[in-house]
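Contents: one structure, followed by commentary.
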Amino acid sequence: MSFAMVLLTFVGGYILSAQSSINGKMSPRVGTLETTLVTFITGALFLSIWLLFLGQGNILALSQAPKWQLSGVFFGIGYLFLTILTVPKIGVAVTNIAAIVGQIGAGFIIDQFGFFGADVIDFNFSKGIGLLFMVIALVFIFKDERSKEVN
């Protein structure tokens with residue numbers, strides 16, 4: 001089952017890159033905030049229909065959730081807005097790699113301190129080396145993209 005989850009996550013990453021590219025091309029024509037709004041409205045409509053036929057949870061339980069848990073929606077909007085803003089300027093690959101490095105760095109901090117109710121998972125040397133290599137990869141890819149702009 002875990003290989004299937006990794007594969008599904010890989011597909012999700014592919015979809016995010018495609019979405020970043022499409023939204024990045026739409027934003028100069030429509031506007032960054034407008035593209036973000038259209039994406040969320042379309043997603044809300046699609047999910048509403050999907051929920052109508054396949055929903056098995058209790059949407060009304062949302063009113064009982066702690067208020068801090070509801071703040072997650074703003075992070076989603078922020079991520080999408082920033083992606084739409086940066087893709088036309090630095091490209092899909094650099095945008096996504098930078099986002100992944102940010103996600104992993106934040107993930108290590110959240111795990112280390114158990115923020116947001118997460119289990120505490122200690123940061124260690126090998127994780128630090130892995131993050132360092134990812135930052136180095138980001139620098140190389142960013143510099144390569146920049147060198148193409150100059151030539």
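Sequential numbering from 1 along the given sequence is applied to the chain's residues.
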Under the side chain to side chain donor-acceptor pair (under 3.5 Å) test, residues paired with S71 that sit two or more places apart: none
Got a list of side-chain donor-acceptor pairs under 3.5 Å for residues 55-65, not counting sequence neighbours?
| residue | atom | partner | partner atom | Å |
| --- | --- | --- | --- | --- |
| N58 | OD1 | L60 | N | 3.2 |
| S63 | OG | L60 | O | 3.0 |

4.5 Å side-chain heavy-atom contact, D111 and V120: no
Min side-chain heavy-atom separation T39-L80 under 4.5 Å: yes
Shared-cluster residues of I41, by chain and number - hydrophobic side chains joined below 4.5 Å: L37, L45
Nonpolar side-chain network containing F116, other nodes, edges under 4.5 Å: W68, I109, I110, F113, F115
side-chain hydrogen bond (donor to acceptor under 3.5 Å, both in side chains) partners of residues 82-95, not counting sequence neighbours, each pair once: T86-T95
Heavy-atom donor-acceptor pair, S48 side chain to A44 backbone, under 3.5 Å: yes
Any donor-acceptor N or O pair under 3.5 Å, side chains S17, N96: yes
Nearest-0.5 Å distance, CD1 of residue I84 to CD1 of residue I22: 11.5 Å
Sequence-distant partners of F40, ring-ring contact (aromatic ring centres under 6.0 Å, His included), two or more places apart: none
Closest approach of Y79 to A99 (non-hydrogen atoms, all atoms of both residues): CE1-CB, 3.9 Å
Heavy-atom closest contact (P28 atom, G24 atom, distance): CD-O, 3.0 Å
